[in-house]
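Per chain, numbering begins at 1; letters A, B, ... match sequence-line order.
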Amino acid sequence: DGGITQSPKYLFRKEGQNVTLSCEQNLNHDAMYWYRQDPGQGLRLIYYSQIVNDFQKGDIAEGYSVSREKKESFPLTVTSAQKNPTAFYLCASSGYDRNLNEKLFFGSGTQLSVL
Amino acid sequence: AQTVTQSQPEMSVQEAETVTLSCTYDTSESDYYLFWYKQPPSRQMILVIRQEAYKQQNATENRFSVNFQKAAKSFSLKISDSQLGDAAMYFCAYRSWGNNDMRFGAGTRLTVKP
């Protein structure tokens with residue numbers, strides 16, 4: 001079955017450490033996204049990529065970095081410059097469902113916590 | 001960037017009754033998409049309904065319907081015959097026509113009372 005896979009489900013970061021969240025899709029979608037969700041709040045856009053080797057900053061890109069070397073993969077690195085990284089991170093890709101309606105397809109998320 | 005506003009942090013409804021969730025957005029574009037997503041406690045995001053701005057007819061999906069007022073930049077979600085399984089966070093979202101920039105509102109937490 002096609003879909004988006006995020007790993008790991010839970011991740012712990014030590015002070016001053018960089019960590020990378022994985023996002024892989026086999027839906028052949030061009031556009032991919034990273035969102036951050038804090039408890040009881042909405043989704044805030046970190047980065048999005050419309051095509052391989054291209055990405056744009058969202059509203060809260062500071063302290064994060066991404067790459068898009070392959071269509072299938074859009075990893076997110078949370079750097080030590082991100083002072084408050086504890087949050088739920090959602091990856092998504094944009095494509096068409098069975099009714100040919102465009103929508104976002106979401107992964108199941110990664111919960112990042114600081115030790 | 002476009003902004004999406006959900007002014008109701010929490011709403012509650014009695015089972016089998018109807019509830020309306022509000023959403024407004026700010027844009028200078030004439031063509032765009034609007035969405036409502038549901039996030040249950042599992043935190044999996046589920047598309048509820050979508051609307052293309054060029055369509056005058058309001059979208060409907062079973063018990064879910066929208067009231068799209070383009071001039072007022074308003075996109076409310078009506079849930080009829082509410083069920084216990086409808087309890088979740090609901091997010092309104094906006095996507096530009098010309099690019100893939102997609103923005104979400106802060107969400108409304110819906111409680112369904114038996």
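- Taking 4.5 Å as the limit, every side-chain heavy atom of B/Met102 sits out of range of all side-chain heavy atoms of A/Tyr48.
- Under a hydrophobic-cluster definition in which Ile, Leu, Val, Met, Phe, Trp and Tyr are linked whenever side-chain heavy atoms come within less than 4.5 Å, directly or via other members, A/Leu11 and A/Ile46 are assigned to the same cluster.
- If you take NZ on A/Lys103 and CD1 on B/Ile49, they are separated by 13.0 Å, rounding to the nearest 0.5 Å.
- Side-chain contact between B/Tyr37 and A/Leu104 is present, with heavy atoms from C-beta onward closer than 4.5 Å.
- Among residues two or more places apart in sequence or in another chain, the ring pair (Phe, Tyr, Trp, His ring centres under 6.0 Å) test is passed with B/Tyr33 by B/Trp97.
- Clustering ILVMFWY residues whenever any of their side-chain heavy atoms sit less than 4.5 angstrom apart, transitively, puts A/Phe106 in the very cluster that holds B/Met89.
- Note: A/Gly42 leads A/Ala92, A/Ser94, A/Gly42 in heavy-atom pairs under 4.5 Å with chain B.
- When the shell of 6.0 Å around CD of B/Gln14 is examined, it contains more than 12 heavy atoms from other residues, nucleotides or ligands.
- Note: the hydrophobic cluster containing A/Tyr33 does not contain B/Val4 (ILVMFWY, side chain heavy atoms under 4.5 Å, direct or indirect links).
- Residue B/Asn62 qualifies as open at atom CG: its count of foreign heavy atoms under 6.0 Å is 12 or below.
- When heavy atoms are compared at a cutoff of 4.5 Å, A/Gln41 approaches chain B solely by way of its backbone atoms N, CA, C and O.
- With a 4.5 Å cut-off on non-hydrogen atoms, B/Arg109 touches chain A through its side chain but not through its backbone.
- If you measure heavy-atom distances from A/Phe105 to chain B, you find no contacts under 4.5 Å at all.
- Proximity to chain B is limited to the side chain of A/Leu90, based on heavy atoms less than 4.5 angstrom apart.
- Between A/Glu102 and B/Arg50, none of the side-chain N atoms (NZ, or NE/NH1/NH2) sits under 4.0 Å from a carboxylate O, so this pair counts as no salt bridge.
- In B/Lys70, the NZ atom is crowded: over 12 heavy atoms of neighbouring residues, nucleotides or ligands sit closer than 6.0 Å.
- In this structure, the separation between CG on B/Asp101 and CG on A/Asp59 is 7.5 Å, given to the nearest 0.5 Å.
- Both B/Tyr90 and B/Leu84 are members of a single hydrophobic cluster when ILVMFWY side chains are connected at heavy-atom separations under 4.5 Å.
- Taking the centre and axis of the six-membered ring of B/Phe104, the NZ or CZ atom of A/Arg44 falls outside the cone set by 45° and 6.0 Å.
- Heavy-atom distances place the side chain of B/Gln39, and not its backbone, under 4.5 Å from chain A.
- Interface with chain B: from residues 108-115 of chain A, residues A/Ser108, A/Gln111 qualify, criterion being any non-hydrogen pair under 4.5 Å.
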Checklist entry - Between B/Phe91 and A/Gln37, does a side-chain contact (heavy atoms from CB on, under 4.5 Å) hold up when you go through it step by step? => result CA-CA 12 Å; B/Phe91 295 101; A/Gln37 185 177 25; 3.4 Å; yes
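- B/Arg103 places no side-chain N or O within donor-acceptor distance of the main-chain N or O of A/Leu45, the cut-off being under 3.5 Å.
- B/Leu47 and A/Leu43 fall within the same hydrophobic cluster, defined by Ile, Leu, Val, Met, Phe, Trp and Tyr side-chain heavy atoms under 4.5 Å apart, directly or through other members.
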